[in-house]
Amino acid sequence: MKTEWLRREVREFAPYVVVPIHETHVINANENYANMLDIPSLRADVEAILRSYQPQIYPKPLADGLREALAEYLSVRPEQLLAGNGGDEMISYTLHTFLNEGDLVLVHAPTFDMYEVGASLLGAKVEKVPDLPGYRRDREGILAAIRERQPKMTFLCNPNNPTGELLPASFIEDCLRAAEGLVFVDEAYMEFAGAESVVPLIGTYPNLIVLRTLSKAFGLAGLRCGYIAADEAIIAEVAKVKNPYNLNSLTQAIAAAAVRRRDEILPVRDRIVAERDRMAGGLAAVPGVTVWPSRTNFLLIQVEPARADALFEAWRAADILVKRYQGNPLLPGAFRITITTPDVDEAVLRVLREVMGRA
Ligand code: PMP
């Protein structure tokens, strides 16, 4: 292949790396530990879907049944929603709808990589507002950057991956009022936060786009279903950009069933939140470990960077894969630990105590 065939942005692009997995306990991707098909009612729904399934027929382009189920869940209209193969796809479609080469995109840092990855691939310019010490978002800095630079798009991850910090809805409204461009609020982890979503604000602010996913609290990461909620006019434009049959019919049907069964699915979240708080206490009690407060299903911890390699390898030797942030200057000695079950969490703690207890 000749590299000159490639678009300039692709030539210069360092790929998003999904690490190969050999471990039994994988706590690096913020997945839900529960298999929701163990819920008898949802399992019965899926069996019924399979009995009448017609794979020879193309799926509904706008996932009508799923949109209706989601609209009821969020108290919005179906025309204010658009679904796709995970939040990642919806980020990509949204960027492709609005960004021209050279446009300015504002993000806070550290945060989820896909905003920067997708925007850079389109030749947009990405500016970052670093967090204040303690991984608190620099709210004044973000607002000042919006006012002074008027980016085409501003991304706010709420609660934030990987720090776990929650922004109040009032701050997001300040951003929406200050911005002439779009404000994209990623609420992938919002069901864990027990806080106010900004979805109800889509009728008030025509520049608001909210991302949600079924990968986290709904426990359906492998099914691939994410969606955006926004003003109808925005949804209509993003719908023009998406592939006509982007979301397969099996995912549409199972996702709709899961959303309707949410009263049986979402209580798992309460167990995860309680386990997260218990685990935060256990981690913080280990000398040399900093644990950042989290409103999600994961915890960000930090150790002295010189110990990070040994710790990562000790977890691997114990058959546990955690997320580490090697080479990221904003996250020295940091690891992100997905909360799972007490037995795995205890194994994580045992290794941590052992390594941090060495002279
Ligand atoms: N946003 C954030 C902040 C995430 O952490 C993730 C998943 N890691 C996503 C969006 C996308 O998730 P999915 O594509 O599985 O919906």
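Both ligands and their constituent atoms are indexed starting at 1 by order of listing.
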By side chain to side chain donor-acceptor pair (under 3.5 Å) - contacts of Arg260 (at least two apart): none

Apart from Leu166 itself, residues in the same hydrophobic cluster as defined by side-chain heavy atoms under 4.5 Å: Met190

Which residues share a ring-ring contact (aromatic ring centres under 6.0 Å, His included) with Phe112, sequence neighbours left out: Tyr115

Salt-bridge present (Arg261, Asp45; N to O < 4.0 Å): yes

Plane angle bin for Tyr135 and Trp292 - parallel if under 30°, tilted between 30 and 60°, otherwise perpendicular: perpendicular

Show the short N or O contacts, below 3.5 Å, that ligand 1 makes with protein N or O atoms; if there are none, say 'none'.
unit_1	atom_1	unit_2	atom_2	d
ligand 1	1 (N)	Asp186	OD1	3.3
ligand 1	1 (N)	Asp186	OD2	2.5
ligand 1	5 (O)	Asn161	ND2	2.8
ligand 1	5 (O)	Tyr189	OH	2.7
ligand 1	8 (N)	Lys216	NZ	3.4
ligand 1	14 (O)	Gly87	N	3.1
ligand 1	14 (O)	Asp88	N	3.1
ligand 1	14 (O)	Arg224	NH2	2.7
ligand 1	15 (O)	Ser215	OG	2.6
ligand 1	15 (O)	Arg224	NH1	2.7
ligand 1	16 (O)	Gly87	N	2.6
ligand 1	16 (O)	Thr213	OG1	2.6
ligand 1	16 (O)	Ser215	OG	3.3

Phe335 and Trp315 aromatic ring geometry - parallel, tilted or perpendicular at 30°/60° bounds: perpendicular

